[in-house]
Student: 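Pasting a structure below so you can have a look.
Just so we're clear, the structure is a prediction, and the values are computed from it rather than from any experiment. Note: hydrogens, waters and symmetry copies are ignored here, and every other heavy atom, side chains too, is used. First the proteins, then the strands, lettered A, B, ... as listed; each starts at 1.
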There are 2 protein chains.
Amino acid sequence: MTVAPLPKASRRGLAQEAADLIREAIFTGHFPPGAQLREVELAASLGVSRGSVREGLALLEREGLVHSVWHRGTTVVDVTAQDVEEVYALRAALDRLAATSAQRNATADQLTELDTLVRAMAQEISGDASGTTLLALDIAFHDRIYDAANNRRLVEAWRAVRSQIYLFQLRRIALGYEHYRARVVDEHRELVTLLRADDRETLARRAEEHVDSARCSLLAGLSPSM
Amino acid sequence: MTVAPLPKASRRGLAQEAADLIREAIFTGHFPPGAQLREVELAASLGVSRGSVREGLALLEREGLVHSVWHRGTTVVDVTAQDVEEVYALRAALDRLAATSAQRNATADQLTELDTLVRAMAQEISGDASGTTLLALDIAFHDRIYDAANNRRLVEAWRAVRSQIYLFQLRRIALGYEHYRARVVDEHRELVTLLRADDRETLARRAEEHVDSARCSLLAGLSPSM
DNA sequence: TCATGTCCTAATGTTGACATTCGACATTGA
DNA sequence: TCAATGTCGAATGTCAACATTAGGACATGA
């Protein structure tokens with residue numbers, strides 16, 4: 001009894017859809033860190049069966065957003081300073097590879113797309129929008145670099161930390177993001193310049209330092225409360 | 001279907017067990033690259049339900065051993081030269097981070113364990129065992145380094161390539177492994193030495209080169225047949 | 001002969017019911 | 001009073017049946 005065949009364009013399965021919805025709920029704070037994600041509850045709330053919810057939660061575990069223990073359910077990950085260190089150390093290594101690979105493989109179109117994103121960031125800053133838009137642009141910028149790297153496995157590894165980084169930064173923005181705002185545009189613009197240049201070693205180093213600067217400013221804003 | 005309540009000591013759920021069995025079957029060549037893994041078939045063969053098989057296949061997909069498309073089932077990954085490049089590029093980045101992190105965090109016990117593994121490799125070479133034992137030691141060696149790095153996310157990322165590397169090397173060994181045999185011990189011994197030393201930059205570089213040497217010798221042995 | 005459209009089949013996607021496990025509370029005994 | 005133990009509830013783990021889909025065989029037409 002399919003009443004509305006139109007929204008069927010998704011074609012991705014209910015598990016993916018459930019994962020998207022739950023992820024969004026985590027980002028909006030509906031499920032705070034450490035909260036239990038009960039399968040029956042979610043199934044009823046989302047209008048799908050427990051099996052699909054279960055599979056969706058498995059996808060979110062791949063992204064590092066939730067953690068599940070045998071017969072003890074799944075909970076939203078708790079953010080400790082140790083977690084931040086781990087994620088950003090891994091991200092630095094991935095970004096380094098992504099940048100150097102993209103330097104070799106990126107097309108002209110992909111590079112101009114990066115320019116566009118940097119310009120959008122600059123415009124966002126002159127306005128007074130909430131930091132979330134800026135953050136979305138930041139993530140999108142790095143998404144493009146990973147795409148340009150042309151390495152499916154690398155993109156997979158990036159997905160495993162991407163959501164966590166988004167979550168960390170969301171929390172940080174809630175506490176004020178002047179520091180972030182001050183540096184984003186310049187740092188990203190420099191990355192594009194280096195991508196266009198021919199100096200592999202400098203690019204690799206700067207890509208790592210870019211992540212490290214993000215890590216430091218995140219820890220500085222979060223440490224007292226954790 | 002509870003015939004034997006004794007081996008119930010696993011306590012890891014049927015999905016994990018199913019994943020282990022299927023992984024083993026892939027390694028032994030029972031499921032060649034590109035083979036379809038039908039859920040009903042596996043469920044019947046393993047004596048568990050389709051749901052558990054399904055979950056187990058999802059675990060194997062996390063490891064990059066299988067690939068599944070919506071409503072088209074899951075197949076064993078096919079090994080192309082592109083795949084080798086991707087996996088080894090990613091592994092080089094991960095190994096670099098693992099080595100430098102382990103240099104800071106490794107305990108004396110962990111380092112002596114690495115010594116033991118290198119000695120075991122040397123002994124294995126003087127004997128005439130099949131290369132699989134040597135390969136297992138090789139993987140175990142790097143497992144220890146990742147453990148010593150003390151970064152759960154990094155270990156997760158390593159798991160996502162570990163099985164693929166094992167699969168690649170297995171195939172390579174089948175075609176003769178004199179080249180591999182000649183270098184393994186020396187290269188790993190050097191890594192341990194560098195881990196004990198204080199030179200971060202050299203260690204990082206050598207860790208990357210260690211992977212690159214493995215990549216080259218793998219491609220050299222495999223290229224004609226792929 | 002080729003293109004096209006319709007079935008049909010074999011597989012996966014999805015679901016609700018059943019079995020198992022964990023944590024907490026109450027109970028019992030010293 | 002306290003510790004060990006039994007019971008209970010709620011949640012997850014597992015299962016087998018139902019719905020949906022992709023891909024091919026077949027027939028039809030130009």
Side-chain angles (χ1 to χ4, degrees), chain A residues 1-22 25-26 30-32 34-62 65-78, chain B residues 1-22 25-26 30-32 34-62 65-78:
Chain A
M1 184 21 215
T2 58
V3 195
L6 273 175
K8 214 68 175 279
S10 38
R11 236 13 161 283
R12 313 173 302 166
L14 291 186
Q16 281 254 341
E17 199 128 352
D20 289 345
L21 260 34
I22 300 173
I26 293 177
H30 189 284
F31 294 118
Q36 274 227 20
L37 299 173
R38 274 174 281 273
E39 296 179 357
V40 281
E41 194 175 299
L42 289 170
S45 160
L46 300 180
V48 299
S49 109
R50 257 190 64 212
S52 304
V53 170
R54 195 181 173 74
E55 203 165 331
L57 288 176
L59 289 177
L60 292 183
E61 192 177 15
R62 260 205 242 192
L65 267 186
V66 305
H67 179 71
S68 63
V69 186
W70 203 68
H71 258 298
R72 224 180 291 180
T74 84
T75 57
V76 180
V77 291
D78 208 351
Chain B
M1 95 104 212
T2 58
V3 196
L6 272 176
K8 213 74 175 278
S10 39
R11 238 8 164 287
R12 312 173 300 166
L14 290 186
Q16 282 254 340
E17 200 129 351
D20 289 345
L21 260 35
I22 299 173
I26 293 177
H30 188 285
F31 294 118
Q36 274 227 19
L37 300 172
R38 274 175 280 272
E39 296 180 357
V40 281
E41 193 175 299
L42 289 170
S45 160
L46 301 179
V48 299
S49 110
R50 259 188 63 211
S52 302
V53 170
R54 196 180 173 74
E55 203 165 331
L57 288 176
L59 289 176
L60 292 183
E61 192 177 15
R62 261 205 240 192
L65 266 186
V66 305
H67 178 72
S68 63
V69 186
W70 204 71
H71 256 297
R72 224 181 292 180
T74 85
T75 57
V76 180
V77 290
D78 207 351

Student: Which nucleotide sits closest to the side chain of V48(B): dC15(D), dG13(D), dG13(C)?
Tutor: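 Among the listed nucleotides, the one closest to the side chain of V48(B) is dC15(D).
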Student: Rounded to the Å, how far apart are R12(B) CZ and dT14(D) P?
Tutor: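 So the CZ-P distance, R12(B) to dT14(D), works out to 11 Å.
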Student: Nearest whole Å is fine: how far is dA11(D) C1' from R72(A) CZ?
Tutor: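 After rounding, the reported distance stands at 13 Å.
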Student: Counting just side-chain N and O atoms, does R38(B) come under 4.0 Å of either OP1 or OP2 of dA11(C)?
Tutor: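 The answer is yes; a side-chain N or O of R38(B) sits under 4.0 Å from OP1 or OP2.
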Student: Measure the distance from CH2 on W70(B) to C1' on dT20(D) and round it to the nearest whole Å.
Tutor: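 For the pair W70(B) CH2 and dT20(D) C1', the rounded distance is 7 Å.
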Student: Kindly write out the residues that satisfy side-chain contact (heavy atoms from CB on, under 4.5 Å) with Q36(B), not counting sequence neighbours, or none if the list is empty.
Tutor: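 In terms of side-chain contact (heavy atoms from CB on, under 4.5 Å), with neighbours along the sequence ignored, Q36(B) is linked to R38(B), T75(B).
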Student: Could you work out, with side-chain contact (heavy atoms from CB on, under 4.5 Å) as the rule, every residue matching V77(B), not counting sequence neighbours?
Tutor: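 Result, side-chain contact (heavy atoms from CB on, under 4.5 Å) vs V77(B): H67(B), L167(B).
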Student: Anything under 3.5 Å between a donor and an acceptor, one on a side chain of residues 42-52 of chain B, the other on a protein residue two or more places apart or in another chain? List them.
Tutor:
unit_1: S49(B); atom_1: OG; unit_2: G51(B); atom_2: N; d: 3.0
unit_1: R50(B); atom_1: NE; unit_2: E39(B); atom_2: OE1; d: 3.1
unit_1: R50(B); atom_1: NH2; unit_2: E39(B); atom_2: OE1; d: 3.0

Student: Is there a side-chain contact between I22(B) and V66(B) (heavy atoms, below 4.5 Å)?
Tutor: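 They are not in contact (no side-chain heavy atoms under 4.5 Å apart), so the answer is no.
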Student: Who are the salt bridge (Lys or Arg N to Asp or Glu O under 4.0 Å) partners of D78(A), not counting sequence neighbours?
Tutor: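 Counting only residues at least two positions away or on another chain, D78(A) forms no salt bridge (Lys or Arg N to Asp or Glu O under 4.0 Å).
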Student: Please collect all salt bridge (Lys or Arg N to Asp or Glu O under 4.0 Å) contacts where either partner lies in residues 66-77 of chain A, sequence neighbours excluded, each pair once.
Tutor: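 Non-adjacent pairs meeting salt bridge (Lys or Arg N to Asp or Glu O under 4.0 Å): zero.
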Student: Would you kindly give the CD-to-P distance between E39(A) and dT21(C), to the nearest whole Å?
Tutor: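 Nearest whole value for this atom pair: 16 Å.
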Student: Which parts of residues 49-58 of chain A get close to DNA chain D, meaning a heavy atom less than 4.0 angstrom away?
Tutor: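 Contacts with DNA chain D under 4.0 Å: R50(A), R54(A).
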Student: To the nearest Å, give me how far apart CD (E17(B)) and C1' (dG13(D)) are.
Tutor: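 Value for this atom pair: 14 Å.
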Student: I want to confirm an ordering. Mapping H71(A) and A15(A) to their closest nucleotides on DNA chain C, which one lands closer to the 5' end?
Tutor: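 Looking at DNA chain C, the more 5' nearest nucleotide goes with A15(A).
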Student: Measure CG/L46(A) against C1'/dT14(C) and give the value in whole Å, please.
Tutor: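 After rounding, the gap between these two atoms is 15 Å.
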